[in-house]
Structure formats: C-alpha cells, structure tokens
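These notes are about the structure you will find just below.
Numbering of ligands and ligand atoms starts at 1, following listing order.
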Amino acid sequence: MRWKGRLVNLTLVALAACTFDPNGLGGRGGDDDVLVDAGSGLDARGDDGGPLTDGATPDDATVLVDATPPDAAPPDAARCVGYVASGTSKYKLVTTTRGWVDAEHSCEADGAHLVVIDGDDENTRVGALSSSELWIGLSDRITEGSFMTVNGATPFLPWSGNQPDDFFGEDCVVRYSNGRFNDADCSDIPHAYVCECDGLEVRAGTY
Ligand SMILES: [Ca+2]
Ligand SMILES: [Ca+2]
Ligand SMILES: [Ca+2]
C-alpha cells in the first residue's frame with residue numbers, strides 16, 4: 001500500500017509539475033529539473049514518508065520557481081574594475097608603455113578597448129588624464145588610408161598638420177598632448193594609453 005501510495009503521489013508530483021511548466025517556467029531547464037526532482041524526491045522522502053502525502057507538492061513548486069532560467073547571462077562583475085567614470089564613459093590611464101597591439105590587448109583583458117574618442121568633448125576629457133602622447137583605438141591596419149575605430153564607431157579625426165602621412169607605413173594613431181592625432185608606427189615607439197569601458201564590444205576585423 002505504501003508503495004502504491006507513493007506511486008500515486010509521484011504521479012501527482014509529475015502532473016503538478018507539468019501543470020506548472022506551461023505557466024511560464026518552461027524551457028529545457030524546467031523539464032530537466034522536473035525529472036531529476038521526481039526521482040530524488042522518491043528516494044529522499046522514502047525514509048520519513050512525510051511531505052508526499054499531502055499531494056499539494058509545495059516543495060516541487062518551490063523548486064520550479066527557484067530554477068534559474070537556463071539562458072540567463074551571468075553577472076559580469078569583473079569587467080572594467082578600477083575604471084573611472086567621466087562624462088558618459090569610463091576610462092583607465094595606463095602609464096606602462098606598450099606597442100599599439102599589446103596596448104589594445106591589455107585593454108581587452110579588462111573587457112574594454114583603447115579609447116575611442118568620438119568628439120571634442122571626449123577628446124578634452126581624455127587629455128585631462130595625461131599630458132603624454134597616448135595610443136587611441138584608431139588605426140588603418142586593415143586597409144591603408146581607411147582609419148577604423150576598434151569598436152566600430154564613426155572615427156573622429158582631428159589630425160595634426162600634414163597627418164596622416166603613412167610615414168614608412170604608419171598605421172596606428174597617437175593622440176598628441178594638444179589633442180591632435182598622428183599616425184605612428186604601431187611598434188617602434190611604445191606609448192602610454194587610455195583604455196575605455198563604454199559597454200561596446202571590440203568589433204572584429206577593425207585592426
Ligand atoms: Ca569613447
Ligand atoms: Ca597607414
Ligand atoms: Ca604620421
């Protein structure tokens with residue numbers, strides 16, 4: 001009798017679970033959870049024989065409600081730690097000098113990219129971070145003469161006089177302390193740089 005009662009109750013559990021599932025908690029995660037829970041419930045409750053007899057299956061309903069949606073993105077708490085907000089974006093000045101590609105990669109390791117200066121206002125704010133020449137997220141490494149930003153934003157191009165000149169094949173852009181830009185060799189002379197965390201992903205194929 002006890003086994004029969006359990007089987008009936010297990011059926012009730014399954015039916016109750018199936019009733020819950022279409023009410024918005026479905027998806028592959030919900031179905032998997034029901035199967036696992038029905039099995040473990042029988043084993044776990046065989047000893048005390050208690051909760052299953054009420055047939056209301058509040059425990060099973062709780063499990064379903066608590067189930068994490070299978071496709072929910074995990075929180076990205078480690079992204080851009082230590083960046084300082086300015087205007088509508090966040091920045092980090094890196095005084096360790098590197099070649100342009102290494103600099104970009106170091107920013108990407110933070111979930112960021114070399115700063116993409118989108119206009120005079122941001123150019124001024126970046127200039128306030130350092131009086132050094134700085135790498136910025138702009139180059140014509142892909143197509144000579146076609147400067148692209150690393151996040152795909154429309155380039156802002158306040159070139160210094162006679163720049164860009166592609167002197168001996170210069171493809172990477174530095175921001176002079178006066179706010180003007182120059183194409184420079186990507187690796188000959190390492191520079192300090194500013195990383196920017198603006199929530200935009202690095203666009204593949206831009207450098
Ligand atoms: Ca920007
Ligand atoms: Ca060039
Ligand atoms: Ca140049």
| field | the Ca ion (ligand 2) to Asp171: nearest N/O/S atom name | value | OD1
| Carboxylate-amine/guanidinium proximity below 4.0 Å for Glu201 and Arg79 | yes
| Ring centroid separation Trp159 to Phe147 under 6.0 Å | yes
| request: Work out which heavy atom in Asp120 is nearest to a heavy atom in Phe156; give both atom names and the distance. | output: OD1-CZ, 3.3 Å
| request: Determine the minimum heavy-atom distance between Val150 and Tyr207, stating which atoms define it. | output: CG1-CD2, 3.9 Å
| request: Compute the angle centred on the Ca ion (ligand 3) spanning OE1 of Gln163 and OD1 of Asn182, and express it rounded to 10 degrees. | output: 60°
| What pair of heavy atoms forms the shortest contact from Ala112 to Cys80, and how long is it? | CB-SG, 4.1 Å
| field | Name, closest N/O/S atom of Glu170 to the Ca ion (ligand 3) | value | OE1
| Qualifying residues under ring pair (Phe, Tyr, Trp, His ring centres under 6.0 Å), relative to Tyr91, sequence neighbours excluded | none
| What is the name of the N/O/S atom in Glu144 that sits closest to the Ca ion (ligand 2)? | OE1
| Taking the side chain as C-beta and beyond, is there a heavy-atom pair between Val84 and Ser86 under 4.5 Å? | no
| request: Would you please test Tyr193 and Thr97 for side-chain hydrogen bond (donor to acceptor under 3.5 Å, both in side chains) and show each step? | output: CA-CA 7 Å; Tyr193 53 97; Thr97 59; over 6 Å; no
| Protein N/O/S atoms closer than 3.0 Å to the Ca ion (ligand 1) | Val116 O, Glu122 OE1, Glu122 OE2, Glu196 OE1, Glu196 OE2
| said: So that I can check it, does any N, O or S atom in Asp165 come closer than 3.0 Å to the Ca ion (ligand 3)? | reply: yes
| query | Is the Ca ion (ligand 2) less than 3.0 Å from an N/O/S atom of Asp183, whether that atom is in the backbone or a side chain? | reply | no
| query | What N, O or S atom of Asp166 is found closest to the Ca ion (ligand 2)? | reply | OD1
| said: Within the structure provided, determine whether Arg141 and Thr206 are in side-chain contact (heavy-atom separation under 4.5 Å). | reply: no
